[in-house]
Amino acid sequence: MEFKDKKDLLDYARKLEGLSISEANINNSVSEQDIKYGKNYSGKGKFGQFIEENYFDKKNDSLSAPDFSEVGVELKVSPLKYLKNGEIRVKERLVLNIISYDKLLNDKNFLDSHFIYKNKSILLIFYFYDNKVPLYKLKVNLVDIWELLDRDFNQIKRDYEYIVEKVENGLAHEISEGDTMYLGACTKGSTQKKSMIKQPNSKQLARRRAFCFKTSYINTIYKTLVLEKRNRISLENRLIKDSSTNFENYINNLFKPYLGKTVHELCLLFDCNIKSKSVNANIARKIIGFNKKNKTFYEFEAAGIQIKTIRVELNGKIKEHMSFKNIYYTEIINEIWEDSAFYEELVSKFIFVIFKKNLNNQGYHLDHINIWNMPQNDIDEAKKVWKITKENIRKGIFDKFPRASENIVSHVRPKGQSSSDLMETEGFGLQKKYCFWLNKDYIKSQI
DNA sequence: GCATGATCATGC
DNA sequence: GCATGATCATGC
């Protein structure tokens with residue numbers, strides 16, 4: 001398998017997040033049979049080898065080039081464990097390339113070093129360690145690319161130069177992992193005489209060592225990447241950074257191939273039920289690539305991006321108002337506006353997916369998309385509706401919410417599975433479910 | 001023909 | 001089982 005660029009590699013690798021290899025490989029060339037009964041992997045690096053061969057379809061090698069040499073990325077897997085208190089920690093140091101004491105002395109310039117050539121971009125696959133479970137069932141938790149030169153550059157450089165200096169002074173046998181801060185030189189192999197190797201500038205034999213990220217450092221990396229995942233989110237930033245396109249272009253490009261197609265055609269393409277009330281929404285989600293495995297759903301949710309579909313009639317009017325989440329009666333009464341569920345939804349970025357009535361007046365087609373967020377003035381206007389609604393719920397008035405004719409932006413209307421679909425209240429028993437809506441005339445004025 | 005109330009398919 | 005994203009249905 002060859003990758004176009006780092007993003008291409010990361011996109012593919014990220015499909016592993018939350019899954020095991022056997023779960024992730026379902027649509028791949030590797031069958032579960034192959035995985036289960038194939039070659040036996042052994043030794044410390046077995047999960048890394050296993051993933052490299054069975055997910056990335058690469059032969060294991062010990063070449064000096066990075067594993068994904070076409071994009072200059074090295075693959076590393078890192079086991080995680082649970083602490084008693086339920087927190088997650090990286091289980092052990094991350095071992096990088098082996099140190100050749102002789103070559104190191106010709107490799108003193110950190111930036112030009114073999115170490116940087118090999119490790120400047122590392123595809124990190126964090127998984128939950130469990131020695132009682134076969135490799136194909138181990139769950140991957142987090143996947144990301146760590147750019148060594150963008151992070152902690154100065155400290156890593158100091159650590160590297162410290163190790164070089166020790167070797168230069170003929171003191172390789174005195175090196176200890178504790179000498180350095182982030183980058184360590186950890187031992188490889190036993191202390192037995194036969195596994196000791198020669199060093200330049202000294203007659204003393206020294207233990208074989210490899211560069212590693214010390215356990216504390218790889219733990220910090222893990223924590224950093226978990227936080228970034230939570231903020232990944234900055235889907236927008238990531239897209240700009242990764243593919244030098246902006247969010248709007250990115251989304252537009254996703255939809256471009258389908259513009260002009262009828263709902264009927266799209267249903268066939270995406271295997272959607274045309275009778276479903278949310279058929280247009282279902283199509284839109286599939287165009288964007290949402291499915292059970294694809295984590296873009298996470299990114300959209302975390303970034304607060306909402307996808308809403310709109311049907312436009314031949315006369316340009318919009319068919320229906322736009323609904324939001326159910327109102328939770330026991331919660332809204334204690335909310336303040338800026339922290340309220342409705343406010344949070346309104347300050348989202350919206351992708352409006354606009355379907356237009358076909359010219360023959362039969363059915364709709366996907367016309368265009370529009371990325372929108374609500375102007376502050378209109379958010380202030382919606383606040384009035386929210387405030388009245390909240391007061392009514394507090395007082396127990398459940399049959400007189402703001403109507404579409406009473407506010408230019410928003411109103412409140414029922415939303416349940418039926419009129420006997422009820423929700424609990426604070427002191428007024430069970431009541432019919434309602435939600436906030438944006439008025440269709442208001443939407444029309446915005447697109 | 002629109003405002004409002006009622007309800008549906010889907011996915012987790 | 002139920003929230004969600006939405007459309008359907010009807011009465012004025």
Side-chain angles (χ1 to χ4, degrees), chain A residues 18-19 23 263-264 266-267 270-298 300-301 304-332 341-342 344-346 348-357 361-366 369 372 385 388-389 392 397-425 430-445 447:
Chain A
L19 303 175
E23 289 167 326
V263 170
H264 184 73
L266 292 167
C267 276
F270 289 105
D271 193 26
C272 292
N273 178 2
I274 202 161
K275 287 194 196 129
S276 170
K277 284 188 179 177
S278 44
V279 59
N280 291 0
N282 297 343
I283 290 168
R285 301 173 83 82
K286 291 203 172 173
I287 288 176
I288 290 171
F290 287 9
N291 58 45
K292 278 171 209 159
K293 274 202 223 159
N294 202 321
K295 296 292 180 290
T296 46
F297 182 72
Y298 171 86
F300 269 66
E301 217 174 39
I305 297 167
Q306 300 216 34
I307 303 148
K308 294 283 186 189
T309 60
I310 295 167
R311 288 184 305 172
V312 180
E313 300 304 289
L314 285 177
N315 61 11
K317 292 207 167 180
I318 289 178
K319 183 98 174 165
E320 300 285 351
H321 304 293
M322 182 178 286
S323 72
F324 287 82
K325 290 191 172 77
N326 273 122
I327 298 170
Y328 289 85
Y329 301 131
T330 54
E331 287 175 17
I332 189 174
F342 187 38
E344 209 151 279
E345 290 197 277
L346 290 185
S348 306
K349 192 177 279 298
F350 289 81
I351 301 172
F352 287 155
V353 182
I354 298 157
F355 291 83
K356 268 197 180 148
K357 192 71 165 262
N361 216 13
Q362 301 281 311
Y364 295 81
H365 61 272
L366 175 57
I369 66 168
W372 179 81
V385 173
I388 295 166
T389 304
N392 283 5
I397 303 166
F398 287 90
D399 56 356
K400 246 181 71 186
F401 290 119
R403 294 156 178 266
S405 47
E406 292 170 28
N407 182 284
I408 196 161
V409 171
S410 172
H411 66 278
V412 173
R413 256 183 33 256
K415 183 210 206 180
Q417 299 189 341
S418 75
S419 55
S420 51
D421 187 12
L422 305 175
M423 174 159 335
E424 62 175 352
T425 66
L430 294 171
Q431 296 289 344
K432 269 193 278 187
K433 292 177 181 173
Y434 281 76
C435 79
F436 290 101
W437 300 71
L438 287 187
N439 300 352
K440 55 187 179 182
D441 289 343
Y442 170 68
I443 302 287
K444 189 190 168 194
S445 74
I447 63 173

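A, B, ... follow the sequence lines: proteins, then strands. Residue 1 opens every chain. Hydrogens, waters and symmetry mates play no part in the numbers below; they use all other heavy atoms, side chains included. In this text, all values refer to a predicted model and were calculated from it rather than measured experimentally.
- Judged by atom type and distance alone, A:Lys415 reaches the base of C:dG5 through a side-chain donor-acceptor pair under 3.5 Å.
- Rounding to whole angstrom units, NZ of residue A:Lys357 and C1' of B:dG1 are separated by 13 Å.
- When atom types are taken as modelled, the side chain of A:Asn439 and the backbone of A:Asp441 share no donor-acceptor pair closer than 3.5 angstrom.
- For the pair A:Val279 and A:Lys325, both in contact range of DNA chain C, the more 5′-proximal nearest nucleotide belongs to A:Lys325.
- Place A:Val412 and A:Asn315 on DNA chain B by their nearest nucleotides, and A:Asn315 ends up nearer the 5' end.
- For A:Ile274 and C:dC8, the CD1 to P distance is 11 Å, given to the nearest whole Å.
- Side-chain contact of A:Glu313 with A:Tyr364: a donor-acceptor pair under 3.5 Å is present, judged by distance alone.
- Mapping A:Asn282 and A:Pro414 onto DNA chain B by nearest heavy atom places A:Pro414 at the nucleotide closer to the 5' end.
- When the nearest nucleotides of DNA chain C are assigned to A:Met423 and A:His321 by heavy-atom distance, the more 5′-ward of the two goes with A:Met423.
- Protein atom NZ of A:Lys286 is 17 Å distant from nucleotide atom P of C:dG5, rounded to whole Å.
- Below 30°, between 30° and 60°, or above 60°: for A:His411 and A:Trp437 the angle between ring planes is below 30°, a parallel geometry.
- What separates CE of A:Met322 from C1' of C:dA6 is a distance of 10 Å, to the nearest Å.
- Here the side chain of A:Trp437 is nearest to one of B:dA6, C:dC8, C:dA3, namely B:dA6.
- No hydrogens or angles were tested; on distance alone, a donor-acceptor pair under 3.5 Å links the side chain of A:Gln417 to the base of C:dA3.
- Within 4.0 Å of A:Tyr328, counting heavy atoms only, lie sugar-phosphate atoms of the nucleic acid but no base atom.
- A:Asp399 has its CG atom 21 Å from the P atom of B:dA3, to the nearest Å.
- The base of B:dA6 lies outside donor-acceptor range of the side chain of A:Ser418, with no N or O pair under 3.5 Å.
- Picking from C:dC8, B:dT4, B:dA6 the nucleotide with the shortest atom distance to the side chain of A:Ser405 gives B:dT4.
- Put simply, A:Arg403 has no side-chain N or O that comes within less than 4.0 Å of OP1 or OP2 on B:dA3.
- Under the 30°/60° scheme for interplanar angles, the aromatic rings of A:Phe350 and A:Phe324 are found to stand perpendicular.
- Nearest to the side chain of A:Arg285, among C:dG5, C:dC8, B:dG5, sits C:dG5.
- The aromatic rings of A:Phe352 and A:Trp372 lie parallel to each other, their planes meeting at an angle below 30°, with 60° marking the opposite boundary.
- In this structure, the OH atom of A:Tyr434 is 19 Å from the C1' atom of C:dT4, given to the nearest Å.
- You'll find that the side chain of A:Ser276 is closest to B:dA9, out of B:dA9, C:dG5, B:dT7.
- Rounded to whole Å, atom C1' of B:dA9 lies 13 Å from atom CG of A:Asn280.
- Each of C:dA6, C:dA3, B:dT7 was ranked by its minimum atom distance to the side chain of A:Lys433; first place goes to C:dA3.
- For A:Glu320, whose side chain is taken as the heavy atoms from C-beta onward, the closest listed nucleotide among C:dA3, C:dA6, C:dC8 is C:dC8.
- Comparing C:dA3, B:dA6, B:dT10 by their closest approach to the side chain of A:Arg413 singles out B:dA6.
- Of the possible donor and acceptor atoms, one in the side chain of A:Lys286 sits under 3.5 Å from a partner among the backbone N and O of A:Phe270.
- Look at A:Lys317 and you won't find any side-chain N or O under 4.0 angstrom from OP1 or OP2 of B:dG1.
- Using a 4.0 Å heavy-atom cutoff across all strands shown, A:Asn273 reaches sugar-phosphate atoms only and no base atom.
- Checked against A:Ile443 for a side-chain contact (heavy atoms from CB on, under 4.5 Å), the options A:Val409, A:Ile318, A:Ile354 give a single hit: A:Ile318.
- Rounded to whole angstrom, the span from the CZ atom of A:Phe355 across to the C1' atom of C:dA6 amounts to 12 Å.
- Looking at heavy-atom distances under 4.0 Å, A:His411 makes no contact with the nucleic acid at all.
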